[in-house]
Amino acid sequence: MSYIKIDSSNFKHNLSLISKQIGGIEKLFVVLKDNAYGHGIIQMAKLSKDIGAKQAAVKTVKEALEIKEYFPYILVLSDIPKEKIDGIGVAINDIENISKIPKKSLVELKVDTGMHRNGILIEELSDALKLIKKRGLQLRGVYSHFRSADELTSEFFWQRENFKKVKTKTKEICKKLNIDVPYFHSHNSAAIFRNNNFEDDFARSGISIYGYHYLPSPLPNPPLKPVLSLWAQKLSTRELKKGQRVGYGGVFEAKRDMIVSTYDIGYGDGFFRYDGLRDLKIANNKKILGRVSMDSMSIECEDDEICIFDDATYLAKYFNTITYEIITNLSPHIKRIII
Ligand SMILES: *Cc1c(COP(=O)(O)O)cnc(C)c1O
């Protein structure tokens with residue numbers, strides 16, 4: 001059966017680079033949403049805890065409950081629980097949501113500083129904080145998200161200025177309302193490595209804990225190491241005679257006699273459905289022959305086991321997407337093995 005290898009020493013290496021940028025692992029939210037970007041949420045939660053991470057961010061309440069035992073605190077980014085749950089913070093993405101959150105819950109208020117995706121407006125801060133107090137919610141954090149931290153433009157800087165305003169204003173309002181000043185956080189992976197003067201209380205890193213970053217030169221090029229590799233096992237081997245074709249549509253034609261094996265990964269496992277038309281090299285310079293099927297692919301190779309990829313960068317470029325999508329798509333049914 002195919003499987004995913006998780007390299008725990010690479011993961012540790014990445015967490016240590018990130019912690020250095022922000023001044024300690026206790027300031028880090030490991031972002032474990034979407035099955036820990038395809039790496040396996042339970043496995044990555046356990047590893048994060050062992051390395052010293054104290055907080056995680058996930059998308060849903062279900063995810064938070066799955067990993068609750070590993071962290072004193074988990075932030076749920078896009079879901080509202082039915083009742084208050086100790087140790088779980090609920091993100092407020094819209095002022096309308098405040099009335100839907102169970103009383104006494106820990107909450108984190110998302111403020112829109114320029115991405116215009118979700119979060120309250122800066123002008124709504126005062127009203128939102130009053131509503132939070134009125135409903136008896138416990139304000140733990142105020143946070144924001146950068147839309148272009150990975151681009152070589154001034155965007156990051158004006159958004160950071162907006163977040164500074166949010167901090168000042170929040171502190172003023174909290175004082176007036178007599179509520180505790182919350183923690184502030186705004187940096188994702190790209191922002192963490194872009195900014196050498198980290199001033200927030202916490203940062204949230206997803207893609208970089210898994211070994212990838214998106215900063216173009218001359219911005220910093222942190223030596224992160226990919227954590228995940230995808231491995232497939234041989235289903236069958238045959239000799240393909242010159243002129244014979246392999247797979248759906250017979251897209252690949254052998255230009256010479258060759259030994260071809262079929263391996264047990266396909267688009268049903270979350271690998272892209274390569275159409276066999278342009279050259280797609282995978283790990284160790286191997287080539288996929290013809291179309292990828294739902295559960296298999298053909299490769300000129302006889303090995304019992306083969307690495308499909310140990311760095312998603314090349315695949316992301318090939319498929320005109322980002323590494324996030326390549327790794328997040330990997331099916332949760334594939335076994336994860338930690339080394
Ligand atoms: C997914 C997510 C992150 C992590 O972003 P990366 O670019 O993967 O570091 C941080 N904050 C929020 C709100 C997110 O949704």
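The structure presented is a predicted model; accordingly, all values stated were derived computationally and were not measured. Whatever order the structure lists them in is the order used to number ligands and atoms, beginning at 1.
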Exercise for review: Run the numbers on His187 and Ile22 for side chain to side chain contact (heavy atoms under 4.5 Å, CB included), then give the verdict.
Suggested key: CA-CA 10 Å; His187 287 44; Ile22 61 174; over 6 Å; no
**Study point:** Aromatic ring pairing Phe11/Tyr210, orientation class (parallel under 30°, perpendicular over 60°, tilted between)
**Key:** parallel
Point to revise | For Leu289, the rest of its hydrophobic cluster, which grows through side-chain links under 4.5 angstrom | key: Leu240, Val246, Phe252, Met258, Val260
Check your understanding: Can the ring centres of Tyr214 and Phe193 be said to be less than 6.0 Å apart?
Key -> no
Review point. Any luck finding a side-chain donor-acceptor pair between His185 and Asp201 under 3.5 Å?
Key: no
Check your understanding: Looking at Phe156, does the NZ or CZ of Arg147 lie under 6.0 angstrom from its six-membered ring centre and within 45 degrees of the ring axis?
Key -> no
Give one line per pair: atom of ligand 1, protein atom, distance. Only N/O to N/O under 3.5 Å.
| residue | atom | partner | partner atom | Å |
| --- | --- | --- | --- | --- |
| ligand 1 | 7 (O) | Tyr324 | OH | 2.6 |
| ligand 1 | 8 (O) | Tyr37 | OH | 2.6 |
| ligand 1 | 8 (O) | Ile207 | N | 2.8 |
| ligand 1 | 9 (O) | Ser189 | N | 2.9 |
| ligand 1 | 9 (O) | Ser189 | OG | 2.5 |
| ligand 1 | 9 (O) | Gly206 | N | 2.9 |
| ligand 1 | 11 (N) | His145 | ND1 | 3.4 |
| ligand 1 | 11 (N) | Arg204 | NE | 2.7 |
| ligand 1 | 11 (N) | Arg204 | NH2 | 3.4 |
| ligand 1 | 15 (O) | Lys33 | NZ | 2.6 |

